[in-house]
Structure formats: structure tokens, C-alpha cells
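Okay, so here's the structure we're looking at.
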Amino acid sequence: MSETSPKLRAQLEGIPTYKPGKPAAAGGPVAYKLSSNENPYPPLPGVLESVTAAAGSFNRYPDMMCTALMNELADRFGVPVSHLSTGTGSVGVAQQLLQATSGPGDEVIYAWRSFEAYPIITQISGATSVQVPLTPGEVHDLDAMADAITDRTRLIFVCNPNNPTGTVVRRAELERFLDRVPGDVLVVLDEAYREFIRDTGVPDGVELYRERPNVCVLRTFSKAYGLAGLRVGFAIAHEPVAAALRKTAVPFGVSQLAQEAAIASLRAEDELLGRVGALVCERTRVAEGLRGQGWTVPETQANFVWLRLGDRTVEFAAACEQAGAVVRPFPGEGVRVTIGEPEANDIFLKAADSFRKDL
């Protein structure tokens with residue numbers, strides 16, 4: 001038997017591993033998971049019933065074209081069906097975008113720190129990451145990102161609100177940036193947390209896409225809509241980009257259960273807005289509580305808060321877990337804390353206060 005191994009792509013060497021939020025320990029003292037930006041509420045009205053009905057036929061393949069969901073999205077956003085594509089969460093669609101635009105020798109620009117999947121999917125594609133540091137205020141440095149564009153640039157991610165800092169870029173600065181980007185470079189506005197935005201100065205990416213053929217908008221049902229376990233996201237882009245996304249999609253990737261759940265969720269928007277409003281109120285309470293304790297907390301428009309802790313990051317996360325709330329540490333940098341149930345947020349605030357007093 002040969003001792004050689006199959007040849008694998010060199011680009012996979014040293015690729016970082018995506019780290020999901022740590023779950024609450026089963027049977028242990030930890031009661032709340034605040035590490036994955038999940039919605040703490042159960043499915044919206046009608047969703048569970050739709051999924052249960054669809055489950056009776058999961059011996060069949062799902063509708064590969066997601067026809068009913070695509071029509072629902074087209075009506076909801078006022079866009080042609082041909083400008084839409086779905087995938088396994090917005091991160092799945094983001095990977096399709098890399099497959100469609102970038103390969104060895106190409107460059108992909110994004111802020112750092114930002115969504116941890118960006119360097120992973122960029123390296124998988126064979127392209128080169130160009131990471132542009134955030135400003136001291138934890139915001140995208142759009143001028144520096146524009147300066148980083150070269151003739152090798154193929155795609156730029158703008159995460160708005162940014163994960164994990166929760167900060168946003170506003171209309172004037174974003175439009176000024178887009179004006180500087182060459183028309184043959186795709187700008188992806190990753191708006192996974194769009195529903196939580198209350199800053200009226202932050203533009204809806206769909207408005208910007210309408211006038212700019214090189215803008216693509218990513219959205220997901222995983223966060224505000226509470227369908228994280230079903231994996232369905234979508235892109236809105238002009239036809240050449242949307243068509244390329246449909247070509248690179250995994251056949252039958254979005255299950256029929258996910259499609260039906262997404263449709264039912266779109267039709268329960270009034271209830272959705274109420275739940276999001278409650279989380280936004282809790283976000284304000286948590287952020288103000290932390291600032292009252294003496295922490296520096298960037299203004300967040302997402303469903304989480306960010307604390308830059310540097311070398312104390314892992315220690316802080318351990319203290320929170322010991323108190324009963326699992327948070328998401330980025331070792332050496334900081335922690336991201338999802339806004340959860342009021343009880344969970346109270347536990348976190350108490351743990352943060354205790355940690356602060358010991359500094």
C-alpha cells in the first residue's frame with residue numbers, strides 16, 4: 001500500500017478554524033449562552049407550524065430554486081427575482097461570492113477585526129486577504145480601505161453593523177467610499193444585523209444597491225428572525241452577480257423546512273418588530289450599565305456589545321462563565337456579549353461589575 005497521501009490544495013495550509021460560540025454547559029452551573037448572537041426568543045408565530053407541516057415530506061428534495069421564498073423576498077424588498085439568490089445563511093452566500101469573484105492572485109479587502117469568517121473563506125478561495133485595521137473608535141476606516149484598493153482587488157466586505165464591535169458606518173461616509181471604488185470591484189454590504197439598527201444615519205444597503213451595479217447586500221434569517229438552526233440567508237445584487245451566485249450555490253442547499261420557516265417569518269413582521277424592539281431596549285440597558293461601571297463600550301447597533309480587554313479577555317470570559325453567562329472571547333482582543341433575556345443580561349452585568357472592581 002502506498003504511503004503517500006492525496007494532494008490537497010496548498011491554500012488550506014494554516015487556515016484558521018471558525019470558532020462557534022461556546023454553548024452553556026449541560027447540567028453545569030452555566031445557565032445562559034451569550035456567545036453566538038442568537039435570538040433568545042422562540043420561533044415567530046406560525047413558523048413552527050409551517051416547519052412541522054414541511055417535515056412530513058423531507059424524504060423529498062427541497063425546491064432547489066427556493067421559488068416561493070424568492071417571490072416573497074422580491075415582494076418584500078421591491079426587487080426582481082433575478083436579483084436574488086439564497087444560501088446556507090449569509091456566510092454561505094458570502095463564500096459563494098468568493099467563488100464567483102476571487103482566486104489565486106486576487107485580493108479581498110475587509111476591516112479587522114470584523115466577521116471571523118472573512119479570512120477563512122478568502123483563504124479557501126485562494127485569494128489574498130487585505131485586512132485594514134479599525135479606527136481607535138472600533139469603526140471601519142473606509143478611507144484606508146479605499147486606499148488599499150489595487151488592480152488585484154476583486155471584492156470588499158463592509159460589515160454594517162460590524163461584528164464583533166457593533167459599530168456602524170453612516171450614509172455620507174459610505175457613499176463617499178463607494179464613489180472611490182472602481183466599478184469592476186464588488187462591494188458586499190454584510191447586513192446580518194440590519195433589523196437592530198436605530199441610528200437613522202445608517203443607510204439601508206438595498207437603497208444603495210439600486211443605483212450601484214457593483215453593490216451586493218447580504219441578509220440572514222439567523223439573527224433577528226431567530227432561524228439560526230435552519231441556515232438560510234440571501235443576497236440582493238444586480239443580475240450578473242445574482243446569476244453567478246446561483247451558479248455557485250450548493251444544489252438543494254437550503255432545506256424545505258428552512259424555506260417554509262423563512263416565508264412564515266417574513267409574514268410575522270409585526271411580532272418580529274416587537275421582539276427586536278425589546279432586545280434593543282435591553283441593549284441600551286446593558287450598554288449604559290457597563291458604562292456606569294466604568295467600562296468603555298462602543299456605540300452598538302447590533303444585538304451585542306463589545307468590550308476590548310486585551311490580555312484580560314480570557315480571564316474576563318472565565319469569570320462570566322463562572323457567574324452563569326457564556327460570552328465570546330477573542331483572545332488578546334476583547335469579548336462580544338450577545339443581548340439575551342433580561343435575567344441573562346443581569347447575570348452578565350453583575351459579573352462585569354465584580355471583575356471591574358477587582359482590576
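- Under the salt bridge (charged side-chain N to carboxylate O under 4.0 Å, His left out) criterion, D147 pairs with R180, sequence neighbours left out.
- In this model, a donor atom of one side chain and an acceptor atom of the other lie less than 3.5 Å apart for T338 and N37.
- Using modelled atom types and a 3.5 Å distance limit, the side chains of E333 and T313 yield no donor-acceptor pair.
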Side chain to side chain contact (heavy atoms under 4.5 Å, CB included) assessment of M70 paired with M65: CA-CA 8 Å; M70 295 272 275; M65 303 308 296; 6.0 Å; no
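- Hydrophobic clustering, defined by side-chain heavy atoms of Ile, Leu, Val, Met, Phe, Trp and Tyr closer than 4.5 Å, leaves V314 isolated from every other such residue.
- Side-chain contact annotation: N160 with Y193, donor-acceptor N/O pair under 3.5 Å absent.
- Between Y110 and F115, the distance separating the two ring centers is not shorter than 6.0 angstrom.
- Aromatic rings from F157 and W112 are positioned such that their centres are separated by 6.0 Å or more.
- Ring-plane geometry between W295 and F355 is classed as parallel, the angle between the planes falling under 30 degrees on a 0 to 90 degree scale with a further cut at 60.
- When each of K350, R356, K357 is checked for a salt bridge (charged side-chain N to carboxylate O under 4.0 Å, His left out) with D353, only K357 meets the rule.
- The salt bridge (Lys or Arg N to Asp or Glu O under 4.0 Å) contacts involving residues 73-82 comprise R76-E269, where partners must be two or more places apart or lie in separate chains.
- A distance of 6.0 Å or more separates the ring centres of Y32 and F348.
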